[in-house]
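First the structure, then my questions, so here it is.
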Amino acid sequence: AQQGRIREKAYGKQKIYFADQEQLPAASDAELRSLDEQIAALSAKVQALQQSCRQMEAELKDLNSSMTTLEMAKELEELRKDCRSYTEKLERIKSATNHVSPEEKEKVCSEQQLYCKEWRRRKRMATELLDAILEGYPKSKKQFFEEVGIETDEDHNVKLP
């Protein structure tokens, strides 16, 4: 600072030293424009490299998250084994001699509907009868059911189809 190569500025107790720019040669407008063009070109190059880097990182992430060749081979073998077992099961089902005829199936379905309809009718009648009894009963519905020994469908988690 005493020789004049750098400058010194005091800010309170702190001193800051910096290069004396008056000793540097002044740049012409043409040099400044060429430096600005270099800065713009290098900035564009940095942007392109950053974009390329982001693309490569995304590709790397995709590749790291995908299966390896060995894992794919194992998965393929397991799927083929499953396919073979399902094919064998299908063949056993097709070759079985105890198929149900459409007439038998229709008969069973109609019987099920008939029984469900009867179940609903009887449940409704029982509910109406119990409600009539409970109108004059001094205790709760739950206590009445326990005394009489009534078990409901809900007690056994049974639902009408």
(message) Can you tell me how far apart CZ (Phe18) and CZ (Arg7) are? Round to the nearest 0.5 Å.
(response) 5.5 Å
(message) Looking at every non-hydrogen atom in both residues, tell me the closest pair between Lys159 and Trp119 and how far apart they are.
(response)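 Minimum heavy-atom separation between Lys159 and Trp119: O-CH2, 4.2 Å.
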(request) Grab the two heavy atoms, one from Arg54 and one from Gln51, that are nearest each other, plus how far apart they are. (result) NH2-OE1, 3.0 Å
(request) Output yes when a side-chain donor or acceptor of Asp155 lies under 3.5 Å from a complementary backbone atom of Thr152, and no otherwise. (result) yes
(message) Less than 4.5 Å apart, side chain to side chain, heavy atoms only: is that true for Gln50 and Gln47?
(response) yes
(request) Decide whether Leu134 and Val148 are clustered together by the hydrophobic rule: side chain heavy atoms of Ile, Leu, Val, Met, Phe, Trp, Tyr closer than 4.5 Å, transitively. (result) yes
(message) Any heavy-atom pair between the side chains of Asp131 and Glu135 that's under 4.5 Å?
(response)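 Glu135 does not reach Asp131 side chain to side chain.
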(message) Could you measure the distance from the CE atom of Met72 to the CE atom of Met67? Nearest 0.5 Å is fine.
(response) 6.0 Å
(message) One pair to check against side chain to side chain contact (heavy atoms under 4.5 Å, CB included): Glu75 and Glu78. What are the steps and the verdict?
(response) CA-CA 5 Å; Glu75 183 73 18; Glu78 287 177 21; 4.2 Å; yes
(message) Assess whether a salt bridge exists between Glu77 and Arg84, defined as any Lys/Arg side-chain N lying under 4.0 Å from an Asp/Glu carboxylate O.
(response) yes
(message) Does Glu59, at its CD atom, have more than 12 non-hydrogen atoms belonging to other residues, nucleotides or ligands within less than 6.0 Å?
(response)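 Atom CD in Glu59 is not packed in, count stays at 12 or less.
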(message) For the CD atom on Gln14, are there more than 12 heavy atoms of other groups (residues, nucleotides or ligands in this structure) within a distance under 6.0 Å?
(response)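 Open.
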(message) Just verifying a value: how many Å separate Arg120 CZ and Thr127 OG1, rounded to the nearest 0.5 Å?
(response) 13.0 Å
(request) Report yes if the side chains of Glu104 and Lys107 come closer than 4.5 Å at any heavy-atom pair, otherwise no. (result)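 Side chain of Glu104 against side chain of Lys107, heavy atoms only: no contact under 4.5 Å found.
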(message) Could you check whether any side-chain N or O of Glu71 sits under 3.5 Å from a backbone N or O of Thr68, counting only pairs where one atom can act as donor and the other as acceptor?
(response)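 Judged by distance alone, yes, a pair lies under 3.5 Å.
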(message) Determine whether a donor-acceptor pair (N or O, by modelled atom type, separation under 3.5 Å) exists between the side chain of Ser110 and the backbone of Glu106.
(response) yes
(request) Identify whether Leu129 and Tyr137 are in the same connected component of the hydrophobic contact network (ILVMFWY, side-chain heavy atoms under 4.5 Å). (result) yes
(request) For residues Arg92 and Glu88, determine if any side-chain heavy atom of one lies less than 4.5 Å from a side-chain heavy atom of the other. (result)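 A side-chain contact under 4.5 Å exists here.
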(message) Taking Lys142 first and then Glu154, would you say they form a salt bridge - that is, a charged N and a carboxylate O separated by under 4.0 Å?
(response)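 No, no charged N to carboxylate O under 4.0 Å.
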